Amino acid sequence: IGSLFCKMTTRPSSTSISFIIRNPIEEEKHRFGVNAIVDTGKGSILTGGRDGIVREYDTTQISPDSGNNDTPPLKKMFSSHVNWVNGVCYIDEFDYMISVSADHTIKVWNYSKAVSVATFYKHTDFIKDISYCEKTAQFVTGGLDKQLMFWDLTSSQVSCAIDSNSHSTGILQCKISQNGSMIATSSNDKYIRLFDPRTKRKIGTLKGHADMVKALSLNCDGTRLVSGSSDQFVKFWDMRMNACTKSFDVHSDSVWAITTTSDFSHAFSGGRDGNVFVHSLNEEESDSKLVASNLSPYLSLCLTHDDEMLWMGTTSSDIEAVNAQRSLGNETMEKITISGAPFIAQHYVLRDKRHILTSDSKGKVCFWDIMTAQNIRTVSNDDLDDGSLNNLLGELPGNATEHDLKKSSSSSTTTASGTVVIDDDDANTIRDSMKSIIDASGKRKTSPSLEVNDESERKKPSKSSTTSGDDRSLFDKIVARDKSSFSLPLWFSVNTILGCLTITLSEGTALKCCSYLKEVDEDTYVARNYGAILIQSLLRPFHLKTYLDRYAHDNPHDSRPKEDIELEVFDDLRQSFLSHSLFTQPSHLRFYFITHGHCRLHEDSSATETVSIVFERGRCANTPKKLRKWLPDWASATLRVPGDSTFGAKTESVRFFLESKIGTPSIKEKRLSLPRYAPVWMIAQHVSQSSEKLKFSLEKEMGHGLPIGPTLCAYITIFIDDVQLPGDMHVGVVKDIYCKDKKSDINVIYEWSKK
C-alpha cells in the first residue's frame with residue numbers, strides 16, 4: 001500500500017487523462033452516426049455508433065407485415081470504446097461480440113454479460129472494418145495504418161499481418177468469405193485487393209473504380225463481389241474472370257454502404273446522397289430501384305439472416321428499416337425508425353475555464369460544468385428577453401467583463417456582480433472559430449477529420465434558435481456576450497468527436513489554472529488548482545480506499561465504525577490539500593488514459609498512441625492495480641504530495657495602491673498584490689481586514705461576522721476613475737483595461753457604503 005503511488009519505471013512519460021460527459025437518460029439512443037449494423041439471428045441487431053457505444057436492440061416486436069413503427073427496446077450496451085465504433089461482428093459459437101474502433105483497439109466482449117474480456121492493440125491507427133468467417137473461426141481487421149490483420153480464435157498465435165507491403169494507403173473495408181478461401185480489401189487508391197487466407201499473400205487486384213472504394217460485399221465462396229465507391233458507381237465483379245461484369249450508376253454522390261442477399265441475387269447500396277437502391281445481380285436483369293431516402297446520408301446497411309428486413313444506419317443518429325422482400329416488388333414500403341439523440345455540433349469554453357457552452361444538432365443550447373460533469377442549464381431565446389441569461393453568466397466565477405465596467409459607469413445602482421449586455425461582434429467570425437477544437441495550450445486548431453477523405457458533415461444547428469431581427473443563433477449571441485480581453489489559462493482540451501463532450505487533461509497544462517472557491521460549510525475562500533481538484537474528485541473512490549487500507553494496516557485494533565474512520569481519513573486529506581468536498585462527479589462517469597509514444601505496458605504494441613481500458617468512477621476502487629498501472633506521475637502527485645492548494649501554479653501578479661474616499665477610514669497597508677485570477681472583492685476584503693474601525697463598524701451593522709466573497713462589495717465598493725468595479729471581476733481584466741504600464745501600480749479608491 002505504501003508504494004502505491006511510487007514512480008513506476010514502466011509507466012510512459014507522457015500520459016493524459018480523459019473523461020466523457022454523457023447523459024445516462026439519453027444513452028439508450030445513439031448520438032451521432034451509426035457506422036455498423038449486424039443481425040444476431042436471435043431477434044436483435046447490434047449497432048456500432050460514432051458515440052463509441054455498441055447497442056443491442058430487440059427486433060422481435062417488429063413484424064414486416066404489421067407496419068409497426070414502435071422503437072424496439074434496448075437490450076444491452078457495450079460501452080468501453082472512446083472513439084467511433086467502425087465495425088462489429090457477432091460470434092454465436094463462442095458467445096463473443098467483437099468491435100473495432102477509431103481508438104486503435106479491438107475489443108472482445110462476453111456477449112451475454114456485455115463485459116469486455118480482452119483488448120488488442122495491434123493496429124496503430126483507426127481500425128475501419130472487421131469481418132468474421134464462421135466456418136474457420138477466423139476474422140480479419142483493416143485500418144488506416146495500412147495493416148490487414150488475420151486473427152484465429154482457435155490458435156495459440158492469435159494474430160498475424162497479411163502481406164503488409166500490399167497497401168500504399170489506409171484500408172477502408174476488408175471482407176473474408178464464409179468458406180475461408182478469399183479476403184478482399186478496399187482503400188483510398190481506388191483498387192480492390194484479393195488475398196489468400198491460407199498463404200497470407202496477395203493473389204490479385206481489381207481495377208475499375210475512379211475514386212476510393214468505401215464499401216464491399218463478398219459472397220460465400222469468394223467468387224463474386226460487389227463494391228461501392230466515391231465515384232458514385234456500384235460494381236459487380238466476377239473474381240473467376242478477374243473483371244467487372246455489371247455497373248450501376250444511379251447514385252448522385254458517394255456510395256458508402258453495401259449489403260447483399262444470402263443467395264447474392266440482389267445488392268443494396270446507400271450513401272451520401274441519402275438514397276438506398278436495390279440492384280439485380282442476375283445475368284438476365286440489370287435494373288435498380290429506389291428503396292428508401294433520407295435527408296441524412298446512409299452509413300451502414302444490414303440484411304437479416306432471412307433476408308426479410310433491411311436495416312439502415314444514418315449520420316443523423318437514426319436507424320431505419322424497411323421490408324427487403326417488398327422492395328424487390330412494386331409494393332409501398334413503410335419505414336421503421338429507431339430514433340437517435342441529438343449530438344453536439346458546436347462548443348465554446350467560457351472565460352472562467354470551468355463552464356462550456358454547447359449547441360446540439362437540433363439547436364438546443366446548454367451550459368456544462370466540467371467539474372461536476374453535468375448539464376447545469378438549458379437556455380432558450382426567452383432567457384435573452386427576461387434577463388435570466390445575464391444573471392446566469394454573472395453567477396459563473398470570474399465572468400464579469402469590461403461590459404460590466406461600461407454599465408457601472410453609466411449607472412450608480414449597478415450590483416456587485418454587474419450587468420452584461422450582448423454586443424454586436426461579427427457573428428461569422430465567431431461561428432468560424434467554433435468549428436475548431438481548442439487544444440491544451442489555448443490555441444485553436446482545425447478539427448481533424450476522423451476519416452480520410454470522409455465527405456460527411458455534421459448537421460448544422462437548427463435555424464429555430466435565431467431571434468427575429470437578428471440572424472445570429474442563440475449560441476453565437478451568448479459567445480459574443482462572453483468575449484473579454486482576459487480569461488483564465490486553458491488547462492484542458494475539449495472535443496465533440498463522439499457527439500458529446502470529451503475533456504482531456506495533459507501534463508504541462510492541467511495544473512496551470514487556479515481560481516478562488518468557497519470551502520464547503522466554511523466561511524472562507526481558498527485559491528484552488530482546477531486540474532488538481534478535478535483529478536482528486538475523479539479518483540476519490542480509489543484514493544480513499546488506498547488510504548483506508550493503509551490506515552487499517554497501521555491500526556489493526558481500531559474498532560470504531562467504518563464511517564467514523566472514513567470521515568477522519570477524509571478530513572486529514574482535506575487538511576493537506578490532497579482531497580476536498582467542493583463537488584463530485586456522477587458514479588457512472590467513465591474516464592481513461594492515453595499514452596503518447598511507445599507504451600511499455602503493452603510491449604507487443606507499436607502504436608504511438610495507446611488508449612487504456614475504461615474505468616467507471618463508481619467502480620474504480622475495485623480496480624486499484626489496473627488503475628495504478630496507468631495513472632501518470634504528474635496526476636498521482638495531486639494525490640500524494642502535500643503542499644499549498646495551488647499545487648505550484650504560477651501566474652503574474654497585479655499590484656494596487658489603495659486610497660480611501662472622503663468619509664471612509666483609511667488603512668496603513670495601502671499596497672496590495674494579487675494574482676491575476678483573484679476577484680475584485682479580495683481588494684475589499686483586504687480593506688476590511690486592515691482597518692479595525694471599519695471591521696468593527698461592519699460587524700456591528702451586520703450583527704454577526706464580516707461578509708465574505710462578492711457580497712462584501714455591497715458594503716465596500718471599489719472604484720477606478722469613478723467607475724465601480726464588479727466584485728466578481730478578475731483583477732487581470734482590470735489590469736488589461738486600466739494599466740498601460742504593465743510595471744506600475746493601479747490606483748483604486750474604496751468607499752464604505754453604509755446601509
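The figures here come from the full heavy-atom set of this structure, side chains too, leaving out hydrogens, waters and symmetry mates. Model, not experiment: these values are computed from the prediction.
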Q: Would you please test Gln585 and Thr372 for side-chain hydrogen bond (donor to acceptor under 3.5 Å, both in side chains) and show each step?
A: CA-CA 5 Å; Gln585 293 93 14; Thr372 60; over 6 Å; no

Q: Grab the two heavy atoms, one from Leu631 and one from Ser636, that are nearest each other, plus how far apart they are.
A: CD2-CB, 3.7 Å

Q: Rounded at 0.5 Å granularity, tell me how far NZ in Lys735 sits from CZ in Phe656.
A: 9.0 Å

Q: Are His580 and Phe577, when compared by the centres of their aromatic rings, separated by less than 6.0 Å?
A: no

Q: Salt bridge check: are Asp360 and Arg31 linked by an N-O gap of less than 4.0 Å?
A: no

Q: Do Arg55 and Glu27 meet the salt-bridge criterion of a basic N to acidic O distance under 4.0 Å?
A: yes

Q: Is it the case that the ring center of Tyr516 lies less than 6.0 angstrom away from the ring center of Tyr525?
A: no

Q: What is the distance from atom OG1 of Thr105 to atom CG of Asn83, rounded to the nearest 0.5 Å?
A: 9.0 Å

Q: Enter the distance from Asp728:CG to His730:NE2 here, rounded to the nearest 0.5 Å.
A: 8.5 Å

Q: Minimum heavy-atom separation for Pro679 to Gly727, with atom names?
A: CB-O, 3.7 Å

Q: Measure the CD1-CG distance between Ile737 and Leu725 for me, rounded to the nearest 0.5 Å.
A: 9.0 Å

Q: Does the pair Trp368 and Thr358 meet the rule for a side-chain hydrogen bond (donor to acceptor under 3.5 Å, both in side chains), with working shown?
A: CA-CA 8 Å; Trp368 301 81; Thr358 64; 2.8 Å; yes

Q: So which atom in Lys353 and which in Phe492 form the shortest heavy-atom distance, rounded to 0.1 Å?
A: O-CE2, 3.4 Å

Q: Got more than 12 heavy atoms from elsewhere within 6.0 Å of NZ, Lys512?
A: no

Q: Let me confirm one number: the OG1-CG distance from Thr651 to Leu674, rounded to the nearest 0.5 Å.
A: 11.0 Å

Q: Less than 6.0 angstrom from the centroid, inside 45 degrees of the normal: does Arg640 satisfy that with respect to the ring of Phe647?
A: no

Q: I'd like to know whether Leu582 forms a side-chain contact (heavy atoms from CB on, under 4.5 Å) with Ile533, so could you lay out the CA-CA distance, the side-chain angles of the two residues, the decisive distance to 0.1 Å, and finally the verdict.
A: CA-CA 9 Å; Leu582 295 169; Ile533 59 178; 4.2 Å; yes

Q: State, to 0.1 Å, how close Ile17 and Ala635 come at their nearest heavy-atom pair, and which atoms those are.
A: CD1-CB, 3.6 Å

Q: How close do Ser16 and Trp634 get, heavy atom to heavy atom, and via which atoms?
A: CA-CZ2, 4.4 Å

Q: Can you confirm whether the side chains of Lys107 and Ser116 place a donor and an acceptor under 3.5 Å from each other?
A: no

Q: Determine the minimum heavy-atom distance between Leu511 and Asn529, stating which atoms define it.
A: O-ND2, 3.0 Å

Q: Any salt bridge between Lys562 and Asp558, counting N to O under 4.0 Å?
A: no

Q: Could you go through residues 681-690 and list every donor-acceptor pair under 3.5 Å that involves a side-chain atom there, pairing it with any protein atom two or more places apart or in another chain?
A:
from   : atom 1 : to     : atom 2 : distance (Å)
His686 : NE2    : Glu669 : O      : 2.9
Ser688 : OG     : Ala684 : O      : 3.4
Ser688 : OG     : Gln685 : O      : 2.8
Ser690 : OG     : His686 : O      : 2.7

Q: Between Asn23 and Asn375, does the side-chain contact (heavy atoms from CB on, under 4.5 Å) criterion hold? Intermediate values first, please.
A: CA-CA 8 Å; Asn23 184 346; Asn375 177 3; over 6 Å; no

Q: Is it true that Phe343 and Phe32 have ring centroids separated by less than 6.0 Å?
A: yes

Q: Got a salt bridge between Lys545 and Asp549, using NZ or NE/NH1/NH2 to carboxylate O under 4.0 Å?
A: yes

Q: Under 3.5 Å, is there a donor-acceptor pair linking the side chains of Ser99 and His81?
A: yes

Q: What distance do Asp103 atom CG and Ser80 atom OG have between them, rounded to the nearest 0.5 Å?
A: 8.5 Å

Q: Would you say Arg617 and Thr584 are linked by a side-chain donor-acceptor pair, where the criterion is simply a distance under 3.5 Å?
A: yes

Q: Any side-chain heavy atom of Arg590 sitting closer than 4.5 Å to one from Ile20?
A: no

